[in-house]
Amino acid sequence: MSTEQLLGLVTGVVFGFLLQKGRVLRFDKQINAMLLKDMTIFKFMLSSILVGMVGILLLSDLEIIQLSHKPMNVGAIVIGGALFGIGWAIMGFCPGTSIGALGEGRWHAVFAILGMIVGAAIYAELFPFFKSTVLSWKDFGKIGLPEVIDVSHWIIVPIFWSGILALFFWFEKKRL
Amino acid sequence: MKRQTGDGGWSPYFAGALLGLLAIASVYATTYYLGKTSYLGASTTFVRAAGIIEKTVALEHVTENEYFTKTKIKVDWQFMLVLGIFLGAFISSTTEKSFKMESVPPTWEDRFGPSIAKRAIGAFFGGIVAMVGARMADGCPSGHGLSGMMQLSVSALVALPIFFVSAVLVANIVYRRRS
């Protein structure tokens, strides 16, 4: 195994461990988040974003790591995002959690994983068509919010933190 | 704040914050050891898995395909990360004894009954639609939802709300009991 593969595996084991401990792998947790009855997934994701954001933006400022924005391609994000949401609601897993759910014994995730592999193959076949249609409408490129609104990320981060913390207090007050 | 939840898990705030630390450690480690910053993600691995499987039956077709060529079909860092998720969840669930063979999840059964075939069809076709969407959007709740949000990427700030709004609308149509 190469260093690259070993590093990926070790990181993945910790990732999967935390997803399992956070109880976000389960079909019922995912669907109840979508039915707005159980906010576990939101609490988990937003907490990781709050913490990760500070370290990653700091490491980027220190030029230790590089940011890697995905392109803001309007058609791709809007149509692809909507399609993803439809499929996510029906299968009850996202790509990462389907694999973790299988690790927890929820073997029906196999069907979701097979479906996603077939979906990836279909996308590869249809890529030329999407490239000349959806993907060609309007691409703003790889952009970050701080450059777009011309405000330092160290102003955006505290605002983001305040908003999310307020949301967390509201979740706890409502016992969601 | 309680660290444990009623079902023996960790508080989602605590586990999520630890995942944030992992994300920071991971971008540092990939940059240091591999010379290129890699971010947590999962959906590209499904393209590589599809490519690896298709190669066994139609090698030329895969090498000629523009999307497979662009994605580079190999067992890379993210591929191993995804396999690691399986192992990590397995280790965590077996050591705390919450590992459970489940063929039909309770919420699904409440709505569609105990048929494994129905669940399999839902999961399979849902999976197809979700992956076509994730590849079009160039990310899933890991790549956009976690990694993109942490970098304040505009694409993630738009994609994540769209993922959720679409999923909330569909889930409310599919799983709400008409009673």
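B:Glu66 has a carboxylate O that lies under 4.0 Å from a charged side-chain N of A:Lys131, or vice versa, which qualifies the two as a salt bridge.
Applying the 4.5 Å side-chain rule to ILVMFWY residues, one finds B:Val165 in the same cluster as B:Leu169.
Heavy atoms closer than 4.5 Å to chain A are found in both the backbone and the side chain of B:Ser98. Contacts between B:Ser142 and chain A at a heavy-atom distance below 4.5 Å involve the side chain alone, from C-beta outward. Residue contact with chain A, scored on non-hydrogen atoms closer than 4.5 Å, involves the side chain of B:Leu34 exclusively. The part of B:Lys70 that comes within reach of chain A is its side chain, from C-beta onward, which places non-hydrogen atoms under 4.5 angstrom from that chain. Both the backbone and the side chain of B:Leu21 come within contact range of chain A, with heavy atoms under 4.5 Å apart. Both the backbone and the side chain of B:Gln151 come within contact range of chain A, judged by heavy atoms closer than 4.5 Å. Contacts between A:Arg106 and chain B at a heavy-atom distance below 4.5 Å involve backbone atoms as well as side-chain atoms. Interface remark: A:Leu50 contributes no atoms to any contact with chain B (heavy atom separation under 4.5 Å). Looking at B:Thr30, the atoms closer than 4.5 Å to chain A (heavy atoms on both sides) sit in the backbone and in the side chain alike.
The side-chain hydrogen bond (donor to acceptor under 3.5 Å, both in side chains) test applied to A:Thr11 returns no partner, not counting sequence neighbours.
Residues of residues 160-169 of chain A placed with any heavy atom under 4.5 Å of a heavy atom in chain B are listed by number as A:Phe160, A:Phe168.
For B:Ser155 and A:Lys70, the side-chain atoms include no donor-acceptor pair closer than 3.5 Å.
Between chain B and the options A:Gly80, A:Gly85, A:Ser48, heavy-atom pairs under 4.5 Å are most frequent for A:Ser48. Residue with the most contacts toward chain B among A:Leu57, A:Ile41, A:Ile156, A:Val110: A:Leu57 (heavy-atom pairs, distance under 4.5 Å).
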Output a table of donor-acceptor pairs, distance under 3.5 Å, between side-chain atoms of residues 112-130 of chain A and any protein atom two or more places apart or on a different chain; print 'none' if there are none.
residue, atom, partner, partner atom, Å
A:Glu125, OE1, B:His61, NE2, 3.2
A:Glu125, OE2, B:His61, NE2, 2.8

